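All of these numbers come straight from a predicted model, not from anything done at the bench. Chain identifiers are assigned alphabetically (A, B, ...) following the order of the sequence lines, protein sequences preceding nucleic acid strands; residue numbering begins at 1 within each chain.
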Amino acid sequence: MDQQYKFSQIEKKWQKYWNEEKIFKTSEDNNKEKYYVLEMFPYPSGKLHMGHVRNYSIGDVIARYLTMRGKNVLHPMGWDAFGLPAENAAIKNDIHPDIWTRKNIKEMREQLKMLGLSYDWDREVATCYPDYYKWMQWIFIQFFNKGLAYKKKNPVNWCPSCQTVLANEQVVDGFCERCHAAVEKKDLEQWYLRITEYADRLLDDLDLLAGWPDKVKTMQRNWIGKSEGAEVEFTIEGFDKTLKVFTTRPDTLFGVTYMVLAPEHPYVNELTREDEKKEIVAEFLERLQHLSDIERTSTTLEKEGIFTGRYAINPMTGKDVPIYIANYVLLDYGTGAIMGVPAHDQRDFEFARKYSLPIIPVVDPKDPNVDLLNLKEAFVAEGEMINSGSFNGISNRDAIKRITEYLEKKGLGTTTVNFRLRDWLISRQRYWGTPIPMLYCETCGWVPEKIENLPVLLPADVEFTGKGESPLTTSKSFIKAQCPQCGGIAHRETDTMDTFLDSSWYFLRYTDAKNIEEAWDKEKSDYWMPVDQYIGGVEHAILHLLYARFFNKFFFDMGYSPCAEPFSNLLTQGMVLKNGAKMSKSKGNVVSPEEIIKKYGADTARLFILFASPPEKELEWSDTGVEGSFRFLSRVYRLVFELKDEIEGASDNFTIESSRDKELNYVLNTAIKKVTEDLGSRFNFNTALSAIMILVNEIYKYKSETVINKALLRCAIKSLILILSPFTPHICEELWHYIGNRGTVYHEEWPLYDEDATVRDETEIAVQINGKVKDRIMLASGLPEADFLAEAMKNDIVKALVDGKNVIKTIPVPDKLINIVIK
RNA sequence: GCCGGAGUGGCGGAAUUGGCAGACGCACAGGACUUAAAAUCCUGCGAUCCUUACCGAUCGUACCGGUUCGAUCCCGGUCUCCGGCACCA
């Protein structure tokens, strides 16, 4: 071994060894307890960034540690490889997305390997490879067969100039972000997955996820947005259909003074009978079409409405109330129509003010500060019922129940639950995604491709213009096909799937990644699932994690997953910042992992990232901090290098011979304990590493003693290498071999600590008078409370401090402090 | 607006169950080694005050208050920052 810490040589050497010996290959083993560590797989952009390094370093420490603890660890990696950037590259550089993506995967795989991560590369998947998306298509067909995938016409954002559908995020102030043409709403047929069918279970089962951050669970709860209320039917004057509304406040029914329909509501056309009104309504609709959903639903947008000329009848009061259409009512929530209660809903209040509609309070706050006859804003809190006929005088909370019961008895309404969660629009007019394996036949309608014909391959003969519908429509070979049902002429769906589908089941595919007979073998998913620890960015808190949970529940129902929830524990790692801001090209504060690895080595990069901040917090990049990490590793290297001859041939068993021995043994065992606990339960890598640094400092001190205990020193060095190895594996392998061991530290057992050795003979005790520290004294450790108190009171300093005062109370905390309350 | 989370030295952070605030590291300062530099090693490093110095005193975990023998930790209020949702009836 070289006297210098030549990280580059060392890292290459051990990466080669791990690779050639297939050290990280895993298979099912019923004699061992399994542990599945998963990090969110990356999009293969071609360049690794610090966020990846952080994510994968965290996972690697966990995987390596648990392997050393004797667990059978599954730790896979793959590529979320479909997506728009590949298509943009195709348009810009005239390179096929497939070639571009494969090149990026190759480059990124090399970069990941440079980090020395303990992946079983034999399980690698890429969502864009036909052997993966074949099963994506199979899954889609399972959804379709169960009635959970369907095609529906719905208004979407359409840019007339680019001739393409736009995502809401691509619409800026009602205009296309690329060509600035006014975006229109267009009714298009799109594929949806019926995730709303699972809304209740997705909500309820969040309670099973004790190992998830509350923040993420709260975000999912809000996203699913369950609200309980009632559906109420209103009759319309001179109209044969009734108007249904959803409300969470049936107690305010007596306060309804108008009704509002969403502008797209199917009744709108029939309800506006007068020609004059029809014109105004048409003009209003035209104007709204130029607004995106984002603006339509913005609270800053002024409420605007049009009277239809019709009246509904309030079922409680029998009074006429005018029916409006207005921009603040959404078609796809509830029934697309609402009852207006200006006195008790702020939005209705503003609308009523603007159009001079009556405001009738029905809930009395019994608060002198609220003037019910002259409200300045809607009163939304609880109170006592007024102006509500026979319901007057009860609390509005009771009225919710009573009025709903009344409605149900009269056949005017029912209790209902509504979710903000909408069905998942999954079709995309893009090339680089999984083809939706459906065909349209004039006689049979939408028919799935036969399973034996899967995969439906992405055609090669397409043009990338960036315009029009899906590029698949330009393929001559793709569209025309035989109907799988009747054998007649059918045409293929040309839309592809949202890439979020591909990433909703990859964790299951990893359990049996190379299976060509089925998506995965149930026995294998039974063994490995659920994922014990999932690690990734908090930006996936809602979409990815919700979709993955949805898919897993679907498989669970099919018997293809053994668990109701796929990820038992979730760690959301914080962002990597430089100068207080997220690293980004435009800010020019990007630190390239490759350069850091070149300059200091992967071990240093890993060490810095793990040491500088706890994993779920933000991490501020510091060049001098990286140098500090490098210095530490050099120090460890030097330590072992210098001590090699000293500890060579020493016994594996030591006896404590001096107080210095005792102290080193104390620090050693404390360090092992601390690292074991920090890795085992909290993932506080920073404090674990700080314990290791303390150990290194102590060994340095110890080795300069005149008498040294070689066996003890040998044990300390061995343990040091082992407990550091999950963090910085390359240097540890090197040092492990240097002091005469064989094989890999990865297969070594995690060192045990001696609980007795983690206690010193004497402990420093803080002496407090009235809660303020006055002195510190040494007392034998582990004294029972009574002895501890007696010993502490015997001390001269205590006596002096207490002399001449009244001791009111003494509070002894053994091994910590004693507080003497005096007067 | 609503829902979360956070606020500790010059900086990143530690204090695991209400028990010695500032572990570990970075930066900085002084010293040793060196012809010199780098590297390495040693020492100091919250603020204010007292003192020639030693010793010591007071304050200090965003701010105000409370509970407690004792509060970074628990409770009430305020401020600031970050994140999510945002006309969901």
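- Nucleic acid contact for A:Arg776: base, since at least one base atom lies under 4.0 Å from a heavy atom of the residue.
- Applying the salt bridge (charged side-chain N to carboxylate O under 4.0 Å, His left out) criterion to A:Arg194, with sequence neighbours excluded, gives no partner residue.
- In this structure, A:Arg638 does not reach the B:A39 phosphate: none of its side-chain N or O atoms is under 4.0 Å from OP1 or OP2.
- Taking the salt bridge (charged side-chain N to carboxylate O under 4.0 Å, His left out) definition, one finds that A:Asp603 meets it with nothing, sequence neighbours left out.
- At the phosphate of B:A89, OP1 or OP2 sits under 4.0 Å from a side-chain N or O atom of A:Tyr333.
- Across all strands shown, A:Val821 has heavy atoms under 4.0 Å from sugar-phosphate atoms exclusively, and none from any base.
- For an aromatic pair to be called close, the ring centres must be under 6.0 Å apart, and A:Tyr600 with A:Phe7 fails this.
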Fill in the blank from the handout: Dot-bracket assigned to RNA chain B with the 3.5 Å Watson-Crick/G-U criterion, [ ] for crossing and | for other-strand pairs, is (((((((..(((......[....))).(((((.......))))).((((......))))..(((((..]....))))))))))))....

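- In this structure, the side chains of A:Ile609 and A:Met50 come closer than 4.5 Å at one or more pairs of heavy atoms.
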Practice task
List the protein contact pattern of nucleotides 11-18 of chain B with one symbol per nucleotide (5' to 3'): B for base contact, S for sugar-phosphate-only contact, - for none; contact means a heavy-atom distance under 4.0 Å.
Solution key: -BSSSB--

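- Atom-to-atom, CD1 of A:Ile818 to P of B:C20 comes out at 15 Å; the value is rounded to the nearest Å.
- The side chain of A:Met693 lies closest to B:C24, out of B:C26, B:C85, B:C24.
- Contact between the side-chain N/O atoms of A:Arg635 and the OP1/OP2 oxygens of B:C41 is found at a separation under 4.0 Å.
- For the pair A:Ile820 CD1 and B:G70 P, the interatomic distance rounds to 15 Å; values are reported in whole Å.
- For A:Asn819 against B:C69, a side-chain-to-base donor-acceptor contact under 3.5 Å is present.
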Practice task
Step by step, work out the side-chain contact (heavy atoms from CB on, under 4.5 Å) result for A:Ile822 and A:Ile808.
Solution key: CA-CA 5 Å; A:Ile822 59 173; A:Ile808 294 167; over 6 Å; no

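- A:Tyr5 has its ring centre less than 6.0 Å from the ring centre of A:Phe630.
- With sequence neighbours excluded, no residue satisfies ring-ring contact (aromatic ring centres under 6.0 Å, His included) with A:Phe349.
- The aromatic ring centres of A:Tyr258 and A:Phe307 sit 6.0 Å or more apart.
- B:A23 atom C1' lies 12 Å from atom CG of A:Asn697, rounded to whole Å.
- A:Ser634 comes within 4.0 angstrom of no nucleic acid atom, judged by non-hydrogen atoms across all strands.
- A:Ile811 comes within 4.0 angstrom of a nucleotide base, judged by non-hydrogen atoms across all strands.
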Fill in the blank from the handout: A correct 5'-to-3' footprint of nucleotides 43-50 of chain B, with B, S and - meaning base, sugar-phosphate only and no protein heavy atom under 4.0 Å, is --------

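- Between A:Lys215 and B:G5, a side-chain N or O to OP1/OP2 separation shorter than 4.0 Å is absent.
- Look at CZ on A:Phe630: it is 9 Å from P on B:U40, rounded to the nearest Å.
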Problem - Worked verdict on A:Asp623 versus A:Lys578 for side-chain contact (heavy atoms from CB on, under 4.5 Å) - result: CA-CA 10 Å; A:Asp623 291 329; A:Lys578 175 87 190 277; 4.0 Å; yes

Exercise for the section: Report the C-alpha distance between A:Arg549 and A:Gln220 in whole Å, list the side-chain angles of each, state the deciding distance to 0.1 Å, and finish with yes or no for side-chain hydrogen bond (donor to acceptor under 3.5 Å, both in side chains). Expected result: CA-CA 11 Å; A:Arg549 292 181 59 222; A:Gln220 292 218 350; 2.7 Å; yes

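- Each of B:A89, B:C26, B:U58 was ranked by its minimum atom distance to the side chain of A:Arg631; first place goes to B:C26.
- At least one side-chain nitrogen or oxygen of A:Lys772 sits closer than 4.0 Å to the OP1 or OP2 atom of B:C59.
- Looking at heavy-atom distances under 4.0 Å, A:Gly628 makes contact with sugar-phosphate atoms alone, never a base.
- Residue-to-nucleotide proximity on RNA chain B shows that, of A:Thr218 and A:Gln768, the 5′-proximal contact is made by A:Thr218.
- Under a 4.0 Å N-O distance rule, the pair A:Glu304/A:Arg287 qualifies as a salt bridge.
- For A:Phe246, whose side chain is taken as the heavy atoms from C-beta onward, the closest listed nucleotide among B:G19, B:G25, B:A89 is B:A89.
- The nucleotide whose nearest atom lies closest to any side-chain atom of A:Thr247 is, among B:A89, B:A27, B:G19, B:A89.
- In this structure, the CG atom of A:Leu639 is 11 Å from the P atom of B:C41, given to the nearest Å.
- A side-chain contact (heavy atoms from CB on, under 4.5 Å) with A:Leu789 is found for exactly one of A:Ile811, A:Thr810, A:Ile820, namely A:Thr810.
- For the pair A:Lys774 NZ and B:G19 P, the computed distance is 21 Å after rounding to whole Å.
- In this structure, the CG atom of A:Asp345 is 6 Å from the C1' atom of B:A89, given to the nearest Å.
- You'll find the ring centres of A:Phe608 and A:Trp621 inside the 6.0 Å limit.
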